[in-house]
2 protein chains.
Amino acid sequence: MTTHSLPFYKTDHFRNEKNNVTIQSMAKTLGVSVTTISRVLNGLGEQFRISKKTIELVTTTADKLNYRPNNIAKGLRLKKSSTIGLILPDITNTWFAQLALGIEKEARKHHYNIFLCNSNDDIKVEKKSIALLQSWMVDGIIIAPIGLESEHLQKASKSGTPLVLIDRFFEGVNLPYISSNDFEGSLEATQYLINYGHKKIACFQGIVGTSPNNQRVNGYKQALKKNKIPLTRPW
Amino acid sequence: MTTHSLPFYKTDHFRNEKNNVTIQSMAKTLGVSVTTISRVLNGLGEQFRISKKTIELVTTTADKLNYRPNNIAKGLRLKKSSTIGLILPDITNTWFAQLALGIEKEARKHHYNIFLCNSNDDIKVEKKSIALLQSWMVDGIIIAPIGLESEHLQKASKSGTPLVLIDRFFEGVNLPYISSNDFEGSLEATQYLINYGHKKIACFQGIVGTSPNNQRVNGYKQALKKNKIPLTRPW
DNA sequence: CTGAAAGCGCTTACAG
DNA sequence: CTGAAAGCGCTTACAG
C-alpha cells in the first residue's frame, strides 16, 4: 500500500467506498479472486488445493481487518438464513424464559440465531409475528401458541415454514409438538393428596381450552374417579 | 393462466422454480415491471401515479398469493437490516426478561426485529455474540454487559455498530448507557432503616466490580456516613 | 406515468 | 489449482 499522503479513503483499498471490509475489497487489494477468498474463509482452502501461502495471507488479513462475513448476503445467496424464529406468549414468565434460554443455547451450538417475538397472549400479534418471521426467511419457527386457534399455524406450515409447537398443542391437528406430561403430573399430584387422606381437593385451572389445562384437569378428574371421589363444583 | 393439465410447477407462473412468490414472478405473470410492483407494495403507488387499476391488481394478487417480501434481499440492498441485537447475561432472570419484553415491544412498533443472545455471564460468549450480531448487520446492539471488561465493546462501537449499554456501565468509558438509579435507591433504603432506629445494617453485595453493585454499596456507605454510623465488616 | 438495468455481498457451477 | 460470471430478491437512479 502506498504511504504518501493521499486521503484515507483513497489509500485504504481494503475497504469499499462505504467503508466496509468485504470479500471483493480484499480480493482487489490482495490480487486474488473472490472465489479463492470465499473458499479459504469457509475452510475449503485445503480441498481446493489453494497454496499455503495464499491461505495464510487471506486468513491473516481477514483477521487483521476484523472482517465480518455478511450473513445477509450469504442468506440470500444460499436461500437459508441460519435463523430460527421463536414466538413466546411472554418472556417474562420464567417458564418461557427457560425455554428461550435452552433454545438459544442449543441454536448457538449450530451457529443459528434466534429471532425473539412475544405474542403477548394476543392472537393478532401471534399472526403478525409469523408473517414477520417468514419475511425474515427463518429456517423454522418454534412457537408456544396462544392455544385456541390453529389455522394460521397450519397455513404457515403448509406454505413451507417448518413449525414446531412447544408447551401447547392442538388435539386432532397434525403439527409436531413437544410438551410436558401434564396429564400424568396432575394425576400424580392429585393421587398424592388422596394418599394423605384428603377428600376435598380443589383444582385451579389455567387458561381454559388450552392443551396443558385440558390435560391437567383430565388428570385431576381421573384421579378422583379412580378413588371414587365424586367431582363437585364449588358453586 | 392455462387450465389444461400441465404439471403444477408449469402452470403456476406466479411462483418461480423454487416455488417462491417473488416480485419478479408476479411481474412476469401480471405483465408489469418489478419496479411497479415494488413501488405499489411499498405504498408508493400514489406517489408515482400508478393507475388505480394496477395498484388494485398488484395488492390483491400479492394478498391472494400470500406474498412475503424477502427481508434478507431488502436488507442487502438497503444495507440496513431493521434488526437489533440484544445481549443479555441470562434471560431467565426476571429483570432481564422484563427488559427483553419491553425492548421487543418497542422494536416491533417500528418494524424492527430482535436477535436474542444470552451471554451466560461469560465474557467469551459475549464477544462471540457481538461478532455474530455484526455479521447479521444489525442496525444496533443493546447489551447488558458482563461488566468487567469493555475494550471489545468500544471496538465494536468504533467499527460502526451503534451500541448502547443497559443496566451496567463502565465509569470513564465513553459509551452511551441506561441504568437504574442504584445509588439513590440504596441510599434511600438504608436511610429508611436508620429512620426506624436500626444501627447494625448489613449490605449484601451483588457482583463485585460491576456498576450497579458499586453504586449500591456507595449509597449504603453514604447513608451510614451521613448518620455517623461506623462502617464495619462482619469478619 | 413506466420500466430496464445496476448493484447490495456472497457462493458455486463451469470453464480453463 | 484458479477465476470470471451468474444469480439470490430486492430498490432506485436514470432514461424515456
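Quick note on labels: first sequence line is chain A, next is B, and so on, each numbered from 1.
Across all strands shown, C:dA4 remains unpaired; no Watson-Crick or G-U wobble contact has both distances below 3.5 Å. In this structure C:dA13 sits in no base pair that meets the Watson-Crick or G-U test at under 3.5 Å.
When distances run from any side-chain atom of A:A73 to the nucleotides C:dG9, C:dA4, D:dC10, the shortest one goes to C:dG9. When distances are taken from the side chain of A:L76 to each of D:dA13, D:dT2, C:dG9, the shortest belongs to C:dG9. In this structure, the nucleotide among D:dC1, C:dC10, C:dA13 sitting nearest to the side chain of A:T35 is C:dA13. Nearest nucleotide to the side chain of A:V34, out of D:dA5, C:dA4, C:dT2: D:dA5. For B:S33, taking side-chain heavy atoms from C-beta onward, the closest of the listed nucleotides D:dG3, D:dC10, C:dG3 is C:dG3. Residue A:I23 places its side chain closer to C:dC10 than to any other of C:dC10, D:dT12, D:dT2.
Rounded to whole Å, the distance from CZ on A:R49 to C1' on D:dC1 is 8 Å. Atom NZ of A:K28 and atom C1' of C:dG9 are 13 Å apart (whole Å). The CZ atom of A:R68 sits 16 Å away from the C1' atom of C:dG9 (whole-angstrom rounding). The CG atom of B:N70 sits 13 Å away from the C1' atom of C:dC8 (whole-angstrom rounding). Look at CD on B:Q24: it is 17 Å from P on D:dA6, rounded to the nearest Å. Rounded to whole angstrom, the span from the CD atom of A:Q134 across to the C1' atom of D:dG9 amounts to 17 Å. Rounded to whole Å, the distance from NZ on A:K79 to C1' on D:dG9 is 8 Å. Distance, A:K74 NZ to D:dG7 C1': 17 Å, rounded to whole Å.
Within the nucleic acid shown, A:I50 comes within 4.0 Å of sugar-phosphate atoms alone, with no base atom in reach, counting heavy atoms only. A:N42 comes within 4.0 angstrom of sugar-phosphate atoms only, judged by non-hydrogen atoms across all strands, and of no base.
At the phosphate of C:dG9, neither OP1 nor OP2 sits under 4.0 Å from any side-chain N or O atom of A:T22. When the side-chain nitrogen and oxygen atoms of A:T36 are compared with OP1 and OP2 of D:dT2, none of them lie within a distance under 4.0 Å.
Using a distance-only test at 3.5 Å, with no hydrogens or angles considered, no donor-acceptor pair links the side chain of A:Q98 to the main chain of B:T92. Formation of a donor-acceptor pair under 3.5 Å by the B:N70 side chain with backbone atoms of B:A73 is found in this model.
Looking at which nucleotide of DNA chain D each of B:Y67 and B:F48 is closest to, the 5′-most match is held by B:Y67.
Expressed to the nearest 0.5 Å, how far OH of A:Y177 lies from CG of A:L163 amounts to 14.5 Å.
Between B:I72 and A:S81, the shortest heavy-atom distance links the atoms CD1-CB, 3.7 Å.
B:K155 has no carboxylate O lying under 4.0 Å from a charged side-chain N of B:E151, or vice versa, which leaves the two without a salt bridge.
Side-chain polar atoms of A:E171 and A:S211 form no donor-acceptor pair below 3.5 angstrom.
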